[in-house]
Amino acid sequence: MDENELETERFGCEAGLRIVVQVPEAHERDIRDAVVAEAALSWGDYDRVSFTTRSGTQRFRSLGTGHNAATPDTVEVECVELSFFLASDAPLAKGVLHAIYAAHPYEEPVVFVTPCLRTRHVRGTDEDNPNRFWNRSDVDWAP
């Protein structure tokens, strides 16, 4: 599907990459800081836009061919997933992936790179929508 096929008067679409990194929660900030040092993670009028899930269990069994000793049973590590969007720019994506590998505590980080489309609002539309934070008094998360 082409990004132009989904565009409406309310939003447009942009092709890019969705990056998802599984990382022990204690190291999530290190990965996020390394990524932001390489890419602004811009989304319209905002930057440093990412999402972190809370919390899941990553499982693996070491075969003993890397730096870990072989493990007879499956090892479980509490992890989160950090995800963000990058524009379709191979040099930028390579720089971000190198930063992830440099900051990640694992020998073999679990990183997914998926082509995707993101939506972007058309400025000035839907201004009187009662669901928008600027039209509500009960929003406590908006600066």
Side-chain angles (χ1 to χ4, degrees), residues 1-68 70-71 74-143:
M1 176 178 324
D2 181 272
E3 63 243 39
N4 295 326
E5 294 178 69
L6 296 177
E7 290 187 1
T8 71
E9 69 286 341
R10 177 67 182 94
F11 60 85
C13 292
E14 179 183 0
L17 302 171
R18 181 174 187 241
I19 311 291
V20 177
V21 182
Q22 293 180 358
V23 61
E25 187 170 6
H27 297 276
E28 184 268 342
R29 177 74 179 228
D30 299 334
I31 303 298
R32 195 164 22 99
D33 289 347
V35 168
V36 169
E38 293 293 320
L41 303 184
S42 297
W43 200 298
D45 296 322
Y46 304 88
D47 69 359
R48 300 182 182 184
V49 177
S50 66
F51 185 80
T52 304
T53 62
R54 301 273 183 235
S55 165
T57 305
Q58 185 184 66
R59 295 171 189 83
F60 62 88
R61 187 173 71 124
S62 175
L63 301 176
T65 53
H67 284 280
N68 278 322
T71 55
T74 301
V75 176
E76 294 187 349
V77 179
E78 293 300 309
C79 287
V80 298
E81 285 188 338
L82 171 65
S83 63
F84 52 89
F85 178 88
L86 288 179
S88 292
D89 178 331
L92 175 66
K94 284 181 182 179
V96 166
L97 291 171
H98 276 282
I100 291 168
Y101 270 75
H104 204 290
Y106 285 1
E107 179 177 15
E108 185 66 60
V110 176
V111 180
F112 299 97
V113 179
T114 309
C116 73
L117 295 176
R118 73 171 174 181
T119 61
R120 294 284 314 283
H121 83 284
V122 174
R123 188 180 301 281
T125 59
D126 211 24
E127 293 295 315
D128 59 349
N129 183 326
N131 294 315
R132 299 296 168 253
F133 72 87
W134 57 85
N135 291 328
R136 299 175 63 133
S137 60
D138 62 340
V139 174
D140 62 356
W141 48 261

d(R32 CZ, R29 CZ) to nearest 0.5 Å is 5.0 Å
Practice item. Tell me, yes or no, whether the heavy-atom count around H98 atom NE2, taken from other residues, nucleotides or ligands under 6.0 Å, exceeds 12. Key: no
Separation between CG (D140) and CZ (F133), nearest 0.5 Å, reads 13.0 Å
Evaluate the side-chain proximity of D47 to L41: yes if any heavy-atom separation is below 4.5 Å, no if none is. no
Counting heavy atoms not belonging to R61, are there more than 12 under 6.0 Å from its CZ? no
Open item on the list: Just checking R18: does its CZ atom have more than 12 heavy atoms from other residues, nucleotides or ligands closer to it than 6.0 angstrom?
Closed with: no
Rounded to the nearest 0.5 Å, the CZ atom of R54 sits from the CD atom of E78 at a distance of 12.0 Å
In short, T57 meets E76 closest at the heavy-atom pair CG2-CB, 3.7 Å
Q | Side-chain donor-acceptor contact under 3.5 Å, E81 with T52 | A | no
Output for pair (T119 OG1, W43 CH2), nearest 0.5 Å, gives 6.0 Å
Would you tell me whether R10 and T125 have side-chain atoms, one donor and one acceptor, within less than 3.5 Å of each other? yes
Interatomic distance, SG@C116 vs CD@E14, rounded to 0.5 Å, equals 9.5 Å
- Message: Does atom CZ (R123) have a neighbourhood of more than 12 heavy atoms from anything else shown, all under 6.0 Å?
- Response: no
When every non-hydrogen atom of N129 is compared with those of N131, the smallest separation belongs to OD1-N, 2.7 Å
Under a 3.5 Å distance rule, please check whether E107 uses its side chain to pair with a backbone N or O of H67 as donor and acceptor.
yes
For P24 and P105 the tightest heavy-atom approach is CD-CG, 4.2 Å
d(I100 CD1, D30 CG) to nearest 0.5 Å is 12.5 Å
- Query: Under 6.0 Å from the CZ atom of F51, do we count more than 12 heavy atoms belonging to anything else shown?
  - Reply: no
Check your understanding: Hey, does V77 have a side-chain heavy atom less than 4.5 Å from the side chain of F60?
Key -> yes
Flag the pair S50 / L82 as yes when at least one side-chain heavy-atom distance between them is below 4.5 Å, and no otherwise.
yes
For R48, is the CZ atom crowded, meaning more than 12 foreign heavy atoms sit under 6.0 Å from it? no
Closest heavy-atom pair, I31 versus A103, reported as atoms and distance to 0.1 Å, is CD1-C, 3.6 Å
Test side-chain contact (heavy atoms from CB on, under 4.5 Å), reference F84, set V35, L17, V49, output is V35
Taking every heavy atom of L6 against every heavy atom of C13, the minimum-distance pair comes out as CB-SG, 3.7 Å
query = Quick one: does V23's side chain get under 4.5 Å of H104's, heavy atoms only?
reply = yes
In short, E127 meets W134 closest at the heavy-atom pair O-NE1, 3.0 Å
